[in-house]
Amino acid sequence: MSPMNILRGITISAVSVLAWGASLPVSAHGRDVEQLLSRLDSVVAHPQAWESIKQHRIAELRHKEPQIRTLEERYWYNKNLYEEYAVFNADSAMAYADRNYAIAERLGDEGRKTEWLINKSFLLSVTGLLKEAQDVIEDIDEDKVPADLRSSYYNQLAYLYSHYGQYMGAPQNHPGDYYVQSTNYQDSTFKWADSNDQFYLWYKGWTILKGPAEERGNFITELKEMVDSSRMDTRTDAMNAYLLARLYEKNKDEENRIKYLAVSAICDVMTANKDIASLEELGKIMLAEGDIDRAYSYVNFCRTQAQEFNNRVRSVTLANSERAIHDVYSQRDRSQQARLSVYLGILAMLSLILVVATIVLIRKNKSLKESRSNLNSLNERLSNNVTELSALRDAQEETNRKLKEMNEQLTQVNDQLKESNVIKEEYVGQVFSLCSEYINKLEEFRKDVSRKLKVGQTSALMKSVESSTMVQNELKEFYRTFDTIFLNLFPDFVKDFNALLRPEEQIVLGEGDLLNTPLRIYALVRLGITDSVKIAALLHYSAQTVYNNRLRMRNKAIIPRETFADAVRNLGYRQEV
């Protein structure tokens with residue numbers, strides 16, 4: 001037998017022994033799930049990056065504070081910051097909840113007071129202050145809860161009693177236990193839910209989870225379509241994916257259960273959500289499957305987030321998982337220590353054989369070295385030539401690519417400049433005309449006032465000044481002028497805008513109307529004005545009116561709500577450019 005064959009036999013034997021000793025449980029999951037778990041591992045490894053994005057978004061909101069002028073604007077500013085902090089920093093979220101409750105008291109708005117009591121109870125629940133959360137929610141008179149807040153009210157009660165069950169370690173499905181109370185409140189939540197509510201599918205899903213298999217299957221299809229098409233960049237997206245995993249668990253579909261738990265966990269981590277149920281549940285599954293390293297990584301991440309968020313309930317449940325992982329680690333260490341002793345003896349024997357085989361191979365290789373050296377010289381020259389040709393081809397391709405990119409950018413800039421010039425030309429002419437018209441109206445009004453003063457018609461003059469008819473007429477004329485100018489620039493705007501809405505939700509204008517309120521608001525969005533407060537000021541609407549109309553239109557869209565404003569800004573303009 002040749003030395004080469006001897007060495008090959010030794011190497012195969014060594015690899016076989018080491019592979020047997022180092023064998024770990026092989027994943028039985030499909031390729032999609034393994035890719036998702038690998039991506040989740042990467043996401044969990046860099047929490048600071050996602051928290052930095054969250055902090056940047058919060059900083060952008062804070063930059064808007066100097067622009068606040070009214071109590072209503074302050075209320076919406078606080079609400080936006082509360083939503084950013086809700087599952088990120090409980091103390092900051094509570095501060096903004098208290099501020100908006102105080103504003104609601106100043107305004108005498110009982111509905112808003114109820115809303116912020118519900119939010120405060122949620123924050124206390126999520127941080128484990130369950131008795132305090134219960135005291136706050138019980139301060140609310142159930143009979144006086146507005147219809148549009150009842151789903152939130154009952155959902156918070158369901159959430160509170162679910163946390164009671166987790167904290168107490170109570171058995172589920174036992175008559176009178178906390179989980180039964182939570183389930184009863186979930187049924188009430190869905191009963192009062194509005195289909196336009198962003199959490200509507202969440203409320204509906206928990207009720208369907210207890211229903212018949214056929215109904216559950218239909219809902220899974222609906223929810224899966226929504227989750228798969230979502231950008232997965234909000235807490236609501238993560239909640240929907242988690243709910244889908246629970247539905248698959250009910251159907252005993254373990255592969256899809258793990259898949260959507262991973263999807264939910266990725267979304268939770270990337271949105272800096274520190275109350276992560278999906279990742280904790282995945283950790284328990286990985287532990288049961290023998291993937292101890294992943295189980296430890298996921299549970300340890302959840303524990304760190306729970307400590308930073310001061311989430312007492314989740315810290316208690318995670319402690320049990322950590323103990324189980326520790327026990328498995330200890331058992332694995334003992335097994336590895338026993339195998340290590342065997343491996344060391346085998347490796348010592350193999351090392352001696354390899355030394356002998358290496359000496360033989362050195363002698364054989366020495367005779368081949370010279371011929372290989374000559375061959376390598378020839379190959380090196382050939383390789384250099386190929387490398388030079390490849391470099392020239394790559395440089396040419398790179399130059400062509402850059403030229404193509406520059407042409408595309410130039411075309412895009414030209415199109416934008418053309419549109420900008422058209423808009424400026426149209427508006428400059430219309431603004432001059434409008435200003436001239438208003439100067440003439442002011443002059444006529446001055447003459448009328450002067451004439452009435454001269455003849456002593458002060459009461460008629462006072463009546464004319466105190467009447468709002470003139471302002472209303474001017475406002476109507478302003479809307480008519482704005483509508484005319486805008487539709488002259490964008491004659492197909494109404495048709496293009498309706499194309500973004502579901503067929504049954506498309507806008508039908510009344511006879512003689514050019515635009516209505518929502519179309520007027522999104523006309524300004526098309527012109528690049530996206531701030532709701534500025535839109536309200538320009539159109540003489542309330543900020544609440546602008547907010548409600550924008551929200552209503554997004555809910556009617558056939559495209560994702562997050563991309564609706566961008567789609568409106570990209571609607572076409574007049575082609576005579």
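- A heavy-atom distance below 4.5 Å is not found between the side chains of Val533 and Lys64.
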(request) Report the C-alpha distance between Tyr101 and Asn78 in whole Å, list the side-chain angles of each, state the deciding distance to 0.1 Å, and finish with yes or no for side chain to side chain donor-acceptor pair (under 3.5 Å). (result) CA-CA 10 Å; Tyr101 182 81; Asn78 291 343; over 6 Å; no
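- In this structure, CG in Leu524 is found 11.0 Å from OG in Ser532, a value given to the nearest 0.5 Å.
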(request) Given salt bridge (Lys or Arg N to Asp or Glu O under 4.0 Å), test Lys556 with Glu504 step by step and report yes or no. (result) CA-CA 9 Å; Lys556 294 179 178 181; Glu504 70 274 11; over 6 Å; no
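- Side-chain N/O atoms of Ser230 and Asn240 include no donor and acceptor closer than 3.5 Å.
- Between Tyr85 and Phe88, the angle of the ring planes stays under 30°, which puts this pair in the parallel group of the 30/60° scheme.
- The closest donor-acceptor contact from the side chain of Gln305 to the backbone of Ile276 lies at 3.5 Å or more, if one exists at all.
- Between Ile208 and Asn218, the closest side-chain pair of non-hydrogen atoms is not below 4.5 Å.
- Taking both residues in full, the closest heavy atoms of Leu130 and Ser125 are given as CD2-O, 3.7 Å, listed atom of the first, atom of the second, then distance.
- Note on ring orientation: taking the six-membered ring where Trp is involved, the planes of Phe486 and Phe482 are parallel (angle under 30°, cut-offs 30° and 60°).
- For the atom pair CG (Leu527) and CD1 (Ile535), the distance works out to 10.0 Å, reported to the nearest 0.5 Å.
- Taking every heavy atom of both residues into account, Arg231 and Asp237 meet most closely at C-OD2, 4.4 Å.
- Residues Asp187 and Lys210 form a side-chain contact, since some pair of their non-hydrogen atoms from C-beta on lies under 4.5 Å apart.
- Between Leu244 and the options Leu223, Leu261, Leu201, a side chain to side chain contact (heavy atoms under 4.5 Å, CB included) holds for only Leu223.
- Side chains of Met232 and Ile266 form no contact here, defined as non-hydrogen atoms less than 4.5 Å apart.
- The ring of Tyr82 has its center closer than 6.0 angstrom to the ring center of Trp116.
- At distances below 3.5 Å, not a single donor-acceptor pair connects side-chain atoms of Asn488 with backbone N or O atoms of Thr484.
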(request) Applying side chain to side chain contact (heavy atoms under 4.5 Å, CB included), run through Val269 and Phe301 and close with a yes or a no. (result) CA-CA 10 Å; Val269 176; Phe301 182 88; 3.8 Å; yes
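- For Glu511, the CD atom is loosely surrounded, since the number of other residues' heavy atoms within 6.0 Å does not exceed 12.
- Around CZ of Arg39, the count of heavy atoms belonging to other residues, nucleotides or ligands within 6.0 Å does not exceed 12.
- In this structure, Asn498 contributes its side chain and Ile507 its backbone to a donor-acceptor pair below 3.5 Å.
- Using a 4.0 Å cut-off between charged nitrogen and carboxylate oxygen, Lys113 and Glu110 count as a salt-bridge pair.
- For the pair Leu123 and Ala86, the tightest heavy-atom approach, listed with the atom from each and the gap, is CD2-O, 3.5 Å.
- Glu308 and Lys274 are joined by a salt bridge, as a carboxylate oxygen and a charged side-chain nitrogen come within less than 4.0 angstrom of each other.
- Between Arg31 and Glu34 there is no salt bridge, since none of the side-chain N atoms of the basic residue sits less than 4.0 Å from a carboxylate O of the acidic one.
- Proximity of a side-chain donor or acceptor of Ser151 to a complementary backbone N or O of Ala193 within less than 3.5 Å is not detected.
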(message) Apply side chain to side chain contact (heavy atoms under 4.5 Å, CB included) to residues Arg569 and Thr530 and explain how you reach the verdict.
(response) CA-CA 10 Å; Arg569 285 196 294 271; Thr530 59; 3.1 Å; yes
(request) Take Arg112 and Glu115 through the salt bridge (Lys or Arg N to Asp or Glu O under 4.0 Å) test and state the conclusion after the steps. (result) CA-CA 5 Å; Arg112 286 182 174 178; Glu115 177 184 359; 5.7 Å; no
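- At least one side-chain heavy atom of Leu515 sits under 4.5 Å from a side-chain heavy atom of Val494.
- Nearest heavy atoms, Ile118 versus Ser152: CG2-O, 3.8 Å.
- A side-chain donor-acceptor contact under 3.5 Å links Tyr154 and Arg150.
- Under the 4.5 Å side-chain criterion, counting only non-hydrogen atoms from C-beta, Tyr522 is in contact with Val525.
- Taking CD of Gln67 as the start and CZ of Arg69 as the end, the distance is 7.5 Å to the nearest 0.5 Å.
- A donor-acceptor pair is defined here as one N or O able to donate and one able to accept, closer than 3.5 Å; no such pair exists between the side chain of Thr563 and the backbone of Asp566.
- Using a 4.5 Å cut-off on side-chain heavy atoms (C-beta onward), Leu37 and Tyr298 make contact.
- When only modelled atom types and interatomic distance are considered, Tyr242 and Glu281 share a side-chain donor-acceptor pair under 3.5 Å.
- Taking the six-membered ring for Trp and the full ring otherwise, the centers of Phe564 and Phe497 sit less than 6.0 Å from each other.
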(message) Let's go through Glu254 and Arg257 carefully: what are the C-alpha distance in whole Å and the side-chain angles of both, what is the deciding distance for salt bridge (Lys or Arg N to Asp or Glu O under 4.0 Å) to 0.1 Å, and is it a yes or a no?
(response) CA-CA 5 Å; Glu254 193 65 13; Arg257 176 197 178 195; 3.1 Å; yes
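- For the residue pair Ser38 / Asp41, no side-chain donor-acceptor distance below 3.5 Å is found, with atom types taken as modelled.
- Taking both residues in full, the closest heavy atoms of Tyr164 and Gln134 are given as OH-OE1, 2.7 Å, listed atom of the first, atom of the second, then distance.
- Taking CD1 of Ile285 as the start and CD of Glu280 as the end, the distance is 11.0 Å to the nearest 0.5 Å.
- Gln506 CD to Lys495 NZ: the interatomic distance, rounded to the nearest 0.5 Å, is 12.0 Å.
- For Glu60, the CD atom is densely surrounded, since the number of other residues' heavy atoms within 6.0 Å is greater than 12.
- What you find for Gly111 and Leu149 is that their closest heavy atoms are O-CD1, 3.2 Å.
- The distance from the CZ atom of Arg520 to the CG atom of Leu539 is 7.5 Å, given to the nearest 0.5 Å.
- Residues Phe219 and Leu247 have side chains in contact (heavy-atom distance under 4.5 Å, counting atoms from C-beta outward).
- Side-chain N/O atoms of Tyr479 and Asp513 include no donor and acceptor closer than 3.5 Å.
- With no hydrogens or angles considered, no side-chain donor-acceptor pair links Asn196 and Asn555 at under 3.5 Å.
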